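Down below is the structure, laid out as structure tokens.
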Amino acid sequence: MKRIGVIGGGQLARMMIPAAINLAIELRVFAEQQDAPASLAVTAVGDFRDVRQVADFAADLDALTFDHEHVPAEVLRALEDSGVVVAPSSQALALTHNKVVMRQRLSELGVAQPRWCEVSEASELESAVESVGGYPCIAKKPTGGYDGKGVRVVHSASDLEDWLSQGSLLLEEKVPFVRELALLSARRRGGEWKPWAPVETRQKNGVCSEVIAPAQSLSETQLGVAEELARTIAEGVGTVGVLAVEVFELADGSLSVNELAMRPHNSGHVFTELSTTSQFEQHLRAVADLPLGSAALVAPGGVMVNLFGGVDADAKNDAWERVPEAKIHDYGKGAREGRKVGHVVVTGDDVKSLLDKAELARSALHAAR
Ligand code: ADP
């Protein structure tokens, strides 16, 4: 039996559990607390920043992977130096640790992306803004951002005074996108690579609210460009496991890369019901160096909606009664305003009616609160 370790006990580790069972993989989760969403598979509780604790956990694993991107680079490198198979590698993960490093690497790979530059001094700001196309532009903290935190629209220099005093920033052209897409794929160490169909992601307040799969009305040319882009990044970065590439679609149909994640991603949850192989199964196959599964869709379409705040048992029963085809995924997290606590997937023929059904289930789930 292959033994795979996961650092982090959140919902992504939780959703790897059923996939691991079916693959006969022994999954061991290193969490910050026993009472984590992935508690069923937690075998160690500790601090992922402490190289000794992580090394002890990783000692007899076939490979180590992640539920989040916060493990420090020096911890990852120490593990690799001692012979642990880290997937994705510290080198690949460096891109997700720092958005400036990511932009640099994507430039080297020749991938289409927004105009960007790094600013470290207030005195450089005006020329930097000009180089990305003027105001309004987008500023991002290079490290530590998620769900839109650490991203700001900038209209004048005064919008950045506080942030610039804290350290350097990534400045980007504000892309006039018509739609946001995510390109999910998985890569195995030897190079085997399989993409899923592109999906559309819809955000509210900087957080993904709905996903529509496959993204509707993409032309053959766009599908080709999307696939080439995801493959170039997966191979160029040499990642192992699931890669999510968040992209902007522009009015002329061109695609521009926003962000990368090298792990299962919120935008790929729809594939648990919509694809022959879920992103969690594919991630584990890739990390365990097993042949990848088919990423073909098993229905014409699917919709995923995120649940925020809390999932209450009565509300869940109500939602199941109203929308029996809704697959409700409850992460087992405590309720907190705005917290992502679960998601709903509905699959079928017509995306418009799937959106209505998923929204009906979501409103029943949110109503009780
Ligand atoms: P996070 O890491 O917090 O998810 P992102 O870089 O994905 O941050 O940005 C969050 C959202 O902000 C994106 O989904 C998009 O809607 C918007 N955004 C980010 N970068 C740009 C940009 N260059 N132009 C226009 N909108 C952007």
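From a predicted model like this one, the values you see are computed outputs, not experimental measurements. All ligand and atom numbering here is 1-based and tracks the order in the structure. We number each residue from 1, following the sequence as shown.
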Is any side-chain heavy atom of His269 closer than 4.5 Å to a side-chain heavy atom of Met15?
yes
Which heavy atom of the protein is the closest neighbour of atom 20 (N) of ligand 1, given with residue, atom name and distance?
Lys140 NZ, 3.0 Å
Under 4.0 Å to a heavy atom of Glu173 - the qualifying atoms of ligand 1, by number:
22 (C), 23 (N), 24 (N)
min-distance protein heavy atom vs atom 3 (O) of ligand 1 -> Gly148 N, 2.5 Å
Taking only heavy atoms of Lys174, which atoms of ligand 1 are found under 4.0 Å from at least one of them?
24 (N)
For atom 16 (O) of ligand 1, what's the nearest protein heavy-atom neighbour? Residue, atom name and distance, please.
Glu180 OE2, 2.8 Å
Any idea which part of Thr201 is under 4.0 Å from ligand 1, heavy-atom wise: side chain, backbone, both or neither?
neither
Identify, by atom number and element, the atoms of ligand 1 in contact range of Phe177, meaning under 4.0 Å from any of its heavy atoms.
16 (O), 25 (C), 26 (N)
With a 4.0 Å heavy-atom cut-off (strictly under), which part of Glu246 contacts ligand 1: side chain, backbone, both or neither?
side chain
Working to the nearest 0.5 Å, report the span between CG of Asn266 and CG of Asn306.
4.0 Å
Nearest non-hydrogen contact with atom 25 (C) of ligand 1 belongs to which option: Val132, Val175, Val151, Val153?
Val175
Please list the nearest protein heavy atom to atom 27 (C) of ligand 1 with its residue and the distance rounded to 0.1 Å.
Phe248 CZ, 3.5 Å
Residue among Arg103, Arg115, Arg152 satisfying salt bridge (Lys or Arg N to Asp or Glu O under 4.0 Å) with Glu172:
Arg103
